**Q** 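Below you'll find the structure I mean.
Letters A, B, ... are given to chains in the order of the sequence lines, protein chains preceding strands, and every chain is numbered from 1. What you see below is based on every heavy atom in this structure, not just the backbone, and it leaves out hydrogens, waters and symmetry mates. For clarity, every value in this text was computed on a predicted model and none was experimentally measured.
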Protein chains: 2
Amino acid sequence: MSETGAISIDKIRGFLESKGVKPSFQRLKILEYLLKHRNHPSVDTIFQALGDDIPTLSKTTVYNTLSLFTQKGIVASLTVVNNELRYDVLKDPHAHFQCAICSRLYDIPLKNDLFQTDFIEDHQVEDIQVTFKGVCKNCLKSRNVLDKTS
Amino acid sequence: MSETGAISIDKIRGFLESKGVKPSFQRLKILEYLLKHRNHPSVDTIFQALGDDIPTLSKTTVYNTLSLFTQKGIVASLTVVNNELRYDVLKDPHAHFQCAICSRLYDIPLKNDLFQTDFIEDHQVEDIQVTFKGVCKNCLKSRNVLDKTS
DNA sequence: GTATCTGCAAAACATTTGCAATTCT
DNA sequence: AGAATTGCAAATGTTTTGCAGATAC
């Protein structure tokens with residue numbers, strides 16, 4: 001497993017405090033999880049994953065914490081997959097690619113300057129979400145295998 | 001009310017048949033509604049609106065029909081607003097602008113050629129959704145009024 | 001007459017809300 | 001003790017499923 005975002009609990013605590021959020025154990029663990037797993041987890045995924053560390057954890061707390069984080073600009077809830085909220089730690093603006101087959105979400109860097117606009121058609125733009133849908137490289141590979149064998 | 005897409009029932013019937021969908025009364029009415037109201041209605045909106053024409057209509061049928069249409073590539077379900085599915089008749093690729101205040105959805109034409117790509121990072125792209133979020137011109141106006149009076 | 005389509009009722013989910021118990025200082 | 005946080009249980013809202021009745025060819 002990739003441990004890309006291995007950040008110390010102390011740094012996370014400091015970060016939360018700097019954002020005006022009291023760093024409770026639950027909040028620390030949830031943010032740590034989000035930083036470690038950059039695959040846009042759902043509330044349920046987070047809840048399941050933290051169950052081992054925090055046996056008394058309630059799903060309500062996960063909901064509460066994520067909406068607090070959203071308010072404070074720490075995470076963003078994004079384009080819904082299968083009617084459930086997915087969360088993303090805020091970082092450089094990027095697009096998402098969602099596979100129609102395995103429904104995995106990938107991050108796509110956005111180099112294009114289309115997204116520098118502050119106004120479109122008199123509307124004031126504050127956020128941009130770009131989602132590509134299609135078949136991801138993994139599923140393309142499996143599909144090719146099938147094509148060959150059939 | 002704008003009646004932009006006034007298309008005859010016969011044309012709609014022919015279109016459905018060409019897509020391999022049997023043109024039942026319910027299906028005709030639902031597609032007619034989608035063509036006439038290009039404001040990304042929710043299942044409930046469609047259900048309410050057609051209640052007059054089809055008193056026996058069931059919400060299940062609206063769900064069934066829309067997922068059939070989605071399968072057949074006639075409509076696309078899109079980025080969820082307030083956790084409900086919204087539907088769009090397929091037409092030229094375009095972006096959406098969602099107002100954070102009144103939560104209205106606007107269509108934004110996409111002229112940029114960023115979206116001609118068939119592949120990004122080895123993924124095969126079949127659909128692109130671009131959603132801008134912010135404050136729409138109407139709400140900007142009201143906000144300005146408030147600013148002046150306060 | 002058989003396939004398909006429709007629609008009611010119930011079930012399955014995700015999310016929110018009310019409130020009591022817990023924790024922190 | 002007082003304020004904030006947590007978590008259970010119930011409520012809400014959307015979507016799905018099972019199945020019986022209606023409809024179409």
**Q** Under 3.5 Å, side-chain donor or acceptor atoms of residues 14-28 of chain B against the rest of the protein: list the pairs with distances, not counting sequence neighbours.
**A**
{"unit_1": "B:S18", "atom_1": "OG", "unit_2": "B:F15", "atom_2": "O", "d": "2.6"}
{"unit_1": "B:S24", "atom_1": "OG", "unit_2": "B:R27", "atom_2": "N", "d": "3.2"}
{"unit_1": "B:R27", "atom_1": "NH1", "unit_2": "B:K22", "atom_2": "O", "d": "3.0"}

**Q** Under 4.0 Å from any atom of DNA chain D, heavy atoms only: list the residues of residues 44-70 of chain A that qualify, in numerical order.
**A** A:T56, A:L57, A:S58, A:T60, A:T61
**Q** For A:K11 and A:I7, which heavy atoms make the closest approach, and how far apart are they?
**A** CB-CG2, 3.6 Å
**Q** Is any side-chain heavy atom of B:D10 closer than 4.5 Å to a side-chain heavy atom of B:R13?
**A** yes
**Q** Holding to ring-ring contact (aromatic ring centres under 6.0 Å, His included), I want the full list of residues that pass it with B:Y106, two or more places apart in sequence or in another chain.
**A** A:H123
**Q** What are the 5'-most and 3'-most nucleotides of DNA chain C lying under 4.0 Å from any heavy atom of chain B?
**A** C:dT4 to C:dT15
**Q** Paired with C:dA3: which nucleotide, if any, by Watson-Crick or G-U wobble criteria at under 3.5 Å for both distances?
**A** none
**Q** Looking at D:dT23, which nucleotide sits across from it as a Watson-Crick or G-U wobble partner, both distances under 3.5 angstrom, or is there none?
**A** none
**Q** Strictly by modelled atom types, are A:T45 and A:S42 linked by a side-chain donor-acceptor pair under 3.5 Å?
**A** yes
**Q** Partners of A:Y87 by ring-ring contact (aromatic ring centres under 6.0 Å, His included), sequence neighbours excluded?
**A** none
**Q** Any ring pair (Phe, Tyr, Trp, His ring centres under 6.0 Å) pairs touching residues 39-70 of chain B, not counting sequence neighbours?
**A** B:H40-B:H96
**Q** When you compare the side chain of A:I74 with that of A:L68, does any pair of heavy atoms fall below 4.5 Å?
**A** no
**Q** Near DNA chain C, under 4.0 Å by heavy atom, which residues of residues 14-27 of chain B?
**A** B:K22, B:S24, B:Q26, B:R27
**Q** Name each donor-acceptor pair under 3.5 Å that joins a side chain in residues 52-59 of chain B to protein atoms two or more places apart or in another chain, with its distance.
**A**
{"unit_1": "B:D53", "atom_1": "OD2", "unit_2": "B:K29", "atom_2": "NZ", "d": "3.3"}
{"unit_1": "B:S58", "atom_1": "OG", "unit_2": "B:T60", "atom_2": "N", "d": "2.9"}
{"unit_1": "B:K59", "atom_1": "NZ", "unit_2": "B:D44", "atom_2": "OD1", "d": "2.7"}

**Q** In chain order, what residues pass the side chain to side chain donor-acceptor pair (under 3.5 Å) check against A:T61, with sequence neighbours excluded?
**A** none
